Amino acid sequence: MANIKSQKKRIITNEKARMRNRAVKAELKTATRHVKDAVAAGNGAEAYAYALAACRLMDKAVSKGVIHKNQAANRKSGIMKLANTVVTDADRAAYVKPEPKKQEATGNKKKAAKAARKEALAAKSAEKAKRRKKQLKIEEAAKKRKAEEAAKAAAEEAAAEAEEAAE
């Protein structure tokens with residue numbers, strides 16, 4: 001094991017790169033195998049779709065520096081030659097490019113949690129406002145009823161006083 005700090009770091013980063021390269025190379029092998037299987041089955045449309053997907057993966061591997069661009073070119077050429085043995089013009093015309101994957105909203109958890117809390121608070125505020133409005137309506141009806149009862153009681157009392165005064 002190295003004693004120098006920078007060398008220790010290099011060892012760690014090299015290991016990460018090795019693992020990434022290994023994963024990408026395995027993915028390339030799988031893509032190539034899919035093409036070979038489709039050709040063996042005689043399925044032209046599937047072979048064409050898999051070949052284009054494999055070519056795309058090769059280009060990505062080149063951009064990541066996993067394989068050399070000339071090696072990718074040679075592999076792509078071989079895959080397309082193999083696929084073209086069963087692919088017809090109808091297969092090429094029928095090919096529909098797959099929809100690109102939509103990138104999920106990136107951001108931090110803190111921001112998402114804050115937005116969720118804000119949304120929950122807004123929902124609670126709306127519910128509270130609804131309850132408050134209902135309560136005010138009830139209180140207003142109660143005040144009106146009390147005022148009517150007070151007016152009625154005052155009228156009855158005035159009528160009772162008028163009767164007493166009349167007697």
Side-chain angles (χ1 to χ4, degrees), residues 1-140:
M1 184 68 187
N3 292 324
I4 302 165
K5 188 177 182 183
S6 61
Q7 192 58 38
K8 289 178 184 176
K9 187 176 179 182
R10 266 327 288 164
I11 291 169
I12 292 168
T13 55
N14 285 341
E15 183 63 18
K16 283 182 185 176
R18 187 180 73 84
M19 296 306 285
R20 187 203 63 208
N21 291 348
R22 206 167 102 184
V24 171
K25 284 180 181 178
E27 193 176 22
L28 292 176
K29 289 176 192 172
T30 303
T32 307
R33 192 183 73 246
H34 283 306
V35 175
K36 289 178 181 174
D37 291 345
V39 169
N43 190 342
E46 202 173 281
Y48 187 65
Y50 281 134
L52 291 180
C55 289
R56 190 161 184 267
L57 285 175
M58 300 265 180
D59 290 334
K60 281 186 175 180
V62 169
S63 69
K64 289 180 181 178
V66 177
I67 60 174
H68 193 270
K69 65 179 181 178
N70 292 351
Q71 185 187 32
N74 288 335
R75 284 189 186 188
K76 284 166 36 177
S77 172
I79 286 173
M80 290 312 288
K81 269 186 186 175
L82 180 66
N84 285 336
T85 59
V86 292
V87 175
T88 62
D89 288 333
D91 293 332
R92 285 186 191 88
Y95 175 73
V96 178
K97 189 175 181 181
E99 289 293 319
K101 292 180 183 174
K102 298 205 177 188
Q103 186 176 4
E104 293 182 19
T106 56
N108 55 18
K109 293 177 185 175
K110 214 179 213 181
K111 190 175 182 180
K114 187 176 181 180
R117 281 195 308 271
K118 196 173 186 180
E119 194 175 298
L121 184 65
K124 285 181 182 179
S125 295
E127 185 65 31
K128 187 176 179 181
K130 202 186 288 184
R131 286 195 314 265
R132 180 73 180 141
K133 191 175 182 182
K134 185 179 176 184
Q135 183 65 30
L136 288 174
K137 200 174 190 181
I138 292 169
E139 287 175 7
E140 193 65 40

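Worth saying up front: this structure is predicted, and the values here are computed from it rather than measured.
- Within the structure, ring-ring contact (aromatic ring centres under 6.0 Å, His included) contacts touching residues 6-26 (residues at least two apart or in different chains) do not occur.
- Annotation: side-chain hydrogen bond (donor to acceptor under 3.5 Å, both in side chains) contacts involving residues 78-100, sequence neighbours excluded, comprise Asn84-Arg92, Thr88-Asp91, Asp89-Arg92.
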Report all side-chain donor-acceptor pairs from residues 65-80 shorter than 3.5 Å, counting only partners two or more places apart or in another chain.
from	atom 1	to	atom 2	distance (Å)
His68	ND1	Asn70	N	3.1
Asn74	ND2	Asn70	O	3.4
Lys76	NZ	Asp59	OD1	2.7
Lys76	NZ	Asp59	OD2	3.4

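- For the side-chain hydrogen bond (donor to acceptor under 3.5 Å, both in side chains) condition, the pairs that include at least one residue of residues 38-51, sequence neighbours left out, are Asn43-Glu46.
- Pairs passing the ring-ring contact (aromatic ring centres under 6.0 Å, His included) check and including a residue from residues 107-127, sequence neighbours excluded, do not occur.
- Pairs engaging residues 11-27 under the salt bridge (Lys or Arg N to Asp or Glu O under 4.0 Å) rule: Glu15-Arg18 [sequence neighbours left out].
- Nearest heavy-atom pair across Val86 and Gly42 is CG1-CA, 4.3 Å.
- Annotation for Ala61 and Leu28: closest pair CB-CD1, 3.9 Å, computed over non-hydrogen atoms.
- Pairs passing the ring-ring contact (aromatic ring centres under 6.0 Å, His included) check and including a residue from residues 4-30, sequence neighbours excluded, do not occur.
- Across all non-hydrogen atoms, the minimal contact from Ala47 to Val87 is CB-CG2, 4.5 Å.
- For Asn3, the side-chain hydrogen bond (donor to acceptor under 3.5 Å, both in side chains) criterion is met by no residue, not counting sequence neighbours.
- Sorted by first and then second residue, the side-chain hydrogen bond (donor to acceptor under 3.5 Å, both in side chains) pairs with a member in residues 28-38 form an empty list; sequence neighbours excluded.
- Here side-chain hydrogen bond (donor to acceptor under 3.5 Å, both in side chains) pairs that include residues 111-135, with residues two or more places apart or in two chains, are Gln135-Glu139.
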